[in-house]
There are 2 protein chains.
Amino acid sequence: MTDAAHGTRTQVAADELRRLIIAGDLAPGQRISERAVGEYLGGTSRTPLREALKVLAAEGLVTLSPNRGATVTALSEREVEEAIEFLIGLESQAADAACEHFTEAQLAEIEHLHDEMHRAFRAQQLMAYFELNQTIHQRIVEAAGNRVLARVYATECARVRRYRYAGNRRHERWERAIAEHDRILEALKARDGALLREMLRAHHRNGWRVARQLVTRELVSTTETER
Amino acid sequence: MTDAAHGTRTQVAADELRRLIIAGDLAPGQRISERAVGEYLGGTSRTPLREALKVLAAEGLVTLSPNRGATVTALSEREVEEAIEFLIGLESQAADAACEHFTEAQLAEIEHLHDEMHRAFRAQQLMAYFELNQTIHQRIVEAAGNRVLARVYATECARVRRYRYAGNRRHERWERAIAEHDRILEALKARDGALLREMLRAHHRNGWRVARQLVTRELVSTTETER
DNA sequence: TGGAGTCGTATTGCATGCAATATTGAAATC
DNA sequence: GATTTCAATATTGCATGCAATACGACTCCA
C-alpha cells in the first residue's frame, strides 16, 4: 500500500498523507486523528506524524487547530477561484520565458506527454488524463527556468487539485479541454508567448467554469464567512 | 526575550526562529542544533522544536538533512535572483487588480506608510525604513484582493529578505529608492496599472543590482552547483 | 605524508508516558 | 421537551529516554 517505504517516518507519513489528500481519498473538512493515521501507516508513533502534519499544514493541505487536531483543509469556492486566478498569473509569468528558453528535449517531453494524454482520452482513462494534463502544465512552467516559480506553482496546484478534477467528468468539457491543449502546444512550438498566455488563461477559466458547477455541491465549503 | 509568550511551544518556537532568520540574526548555512535552540528558548524540549523546524523547512527558511539536522537555508545568487524575478511577477500580477480595486482606506494606509518611510529616511533609520518599504509592497499586493497571491508573496519575500536589505546601505541607492517609491505611489493614485507595474519592476531590478554587489561577498553561497 | 580503518562522542529519529485540554453523554433543572 | 451541568472519555501538547546514525579524533599502514 505505502510504496514510499524509504526515508524517515516523518517523510513517509507526509508523502502518504499528501498523496491521500491530493488524490481526494480524504474529504475536505475530514478530521485527521493522529492515532488513526499511526495505525493506518502500520504502527507509526504520534511523534513523526505530528511533524508530518505540521509540514502539510505549512503547505496548506491540512488545517491545524490548537488542542483540537488536524483536518483536511476545506476551501471555499472563492478561495479556489483566487487560487486558480493566481495559477493563471503564474503561467502567464512563465509563458514568455518558457517560449524563449525551452530546449528541444523539453519540447519533446511535452509532446510525448501530450500524445499520452490523447491516448488516455481515447481510452477514457480520466485519472491518467488528469495526471498527464497536470504534468504538461508543470513542464511548461518549469521550462521558464525559474525554480522558485516552478516550486510555488507545484505547491499551489496541489492545494486546489481535487477541486478542478471534477470538471473533466463532463464529456463535452473533456473534449474541449483536449482541443485547447492542442492549441496550447501549437503556441508553444511557435514560441509565441503572448498567444500561449492567452490559450492557457482561457483553458483554465473554461475548466473552472465547468468544475465549479459540479464541485460546489460536493466539496466546497459553502460557508463563505468561515475565515 | 521571547515576547511571543502565547500559543503552543511549537508556535512560539517557530515564530521566534522565523524572526531570527528573517531579521538576519542567524547566518545562512548556520547550523541549528535542537538542543541549543531548546536552551535558548528557556528549556523547551526537542519535540516541539522539531515540529517548528519542519514548519520552517516547508517555508524554505531552514534546510533539513536527514540524520544531519537543520541549517539556515543559504541561497545562491542565482536563486535569489530567481526569487526576485518571481516577486516582480507577483507584483505585476497584482498591479492591475490593485489599481482597480483599492479603497480609499487602503490608499490612505499606504500613503501613511509612505510618509513614515520618508521620515525614517530623513532620520536615517535604515531598519525602520526597510520594514515600512516591505509593508508598502505587501499592502499593494494585498489591495489586489487575492489572498493566495498575498500569502505567497509574503512567504517568498521573507525567504529573500536579508539578501535584499543590504542594498539600502549604499546611500545613493537609498535616495533613489525613495524617489522610485514616490513614482510608485503616483502610479497607484492614478490607478494606472501598467505604469505601476513598470515602476515596481524597475524599482526591484535597481535594488537588486546594488544589493547583489554587497551581498555576494557576505551572504550568498557562491557554490552554484550545490543543488 | 597521506589515506583507510576504528572507536568514542554527539546528535538526530522515534516511541512512550503524563499532564492539559477538548469532547461526549448522561443526569439534572427549568 | 429543551437546555444546562458535570463527570467520564478521548485527544492533543510536550518531556523524556533509547536506538540509530553521523561526526571527529586517533591509530595504523603503505
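The structure displayed is predicted, hence computed values, not measured ones. Just so we're on the same page: letters track the sequence lines, and every chain starts at 1.
- At a non-hydrogen distance threshold of 4.0 Å, B:R50 from residues 49-60 of chain B come into contact with DNA chain C.
- Sorted by first then second residue, the ring pair (Phe, Tyr, Trp, His ring centres under 6.0 Å) pairs that include residues 132-161 of chain A, not counting sequence neighbours, are A:H137-A:H181, A:H137-A:H203, A:H137-A:H204.
- The phosphate of C:dA10 (OP1 or OP2) has no side-chain N or O of B:R35 nearer than 4.0 angstrom.
- The side chain of B:T10 places an N or O atom within less than 4.0 Å of a non-bridging phosphate oxygen (OP1 or OP2) of D:dC14.
- Residues meeting the side-chain contact (heavy atoms from CB on, under 4.5 Å) test with B:V72, sequence neighbours left out: B:I21, B:L26, B:Q30, B:I32, B:R162.
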Between the protein and nucleotides 5-9 of chain C, are there any N/O to N/O pairs under 3.5 Å, and if so, what are the atom names and distances?
none

Fill in the blank from the handout: Expected string for nucleotides 16-21 of chain C under the B/S/- scheme (protein heavy atoms, under 4.0 Å, primed atoms plus P, OP1, OP2 as sugar-phosphate) is BB---S
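- An OP1 or OP2 oxygen of C:dT12 is reached within less than 4.0 angstrom by a side-chain nitrogen or oxygen of B:R31.
- Remark: the A:E142 side chain and the A:Q138 side chain contain an N/O donor-acceptor pair separated by less than 3.5 Å.
- Remark: B:Y129 engages B:N133 in a side chain to side chain donor-acceptor pair (under 3.5 Å) (not counting sequence neighbours).
- Picking from D:dA22, C:dA15, D:dT12 the nucleotide with the shortest atom distance to the side chain of B:R68 gives D:dA22.
- For the salt bridge (Lys or Arg N to Asp or Glu O under 4.0 Å) test, no residue two or more places apart in sequence or in another chain qualifies with B:R31.
- Put simply, B:R9 has no side-chain N or O that comes within less than 4.0 Å of OP1 or OP2 on D:dG13.
- The shortest distance between side-chain heavy atoms of A:F86 and A:V152 falls below 4.5 Å.
- Using a 4.5 Å cut-off on side-chain heavy atoms (C-beta onward), B:E77 and B:W208 make contact.
- With sequence neighbours left out, A:N206 forms a side chain to side chain donor-acceptor pair (under 3.5 Å) with A:E180, A:R209.
- In the helix from C:dT1-D:dA30 to C:dC30-D:dG1, the rotation axis of the first five pairs and that of the last five pairs differ in direction by 20°, rounded to 10 degrees.
- Residues meeting the side chain to side chain donor-acceptor pair (under 3.5 Å) test with B:E109, sequence neighbours left out: B:R139.
- Rounded to whole angstrom, the span from the CG atom of B:L64 across to the P atom of C:dT12 amounts to 10 Å.
- Under a 4.0 Å N-O distance rule, the pair A:R119/A:E116 qualifies as a salt bridge.
- By the salt bridge (Lys or Arg N to Asp or Glu O under 4.0 Å) test, B:R50 is found to be paired with A:E51, B:E34, residues two or more places apart in sequence or in another chain being considered.
- A salt bridge is defined here as a Lys NZ or Arg NE, NH1 or NH2 lying under 4.0 Å from an Asp or Glu carboxylate O, and B:E131 with B:R161 meets this definition.
- When the salt bridge (Lys or Arg N to Asp or Glu O under 4.0 Å) test is applied to B:D25, no partner is found at least two apart in sequence or on another chain.
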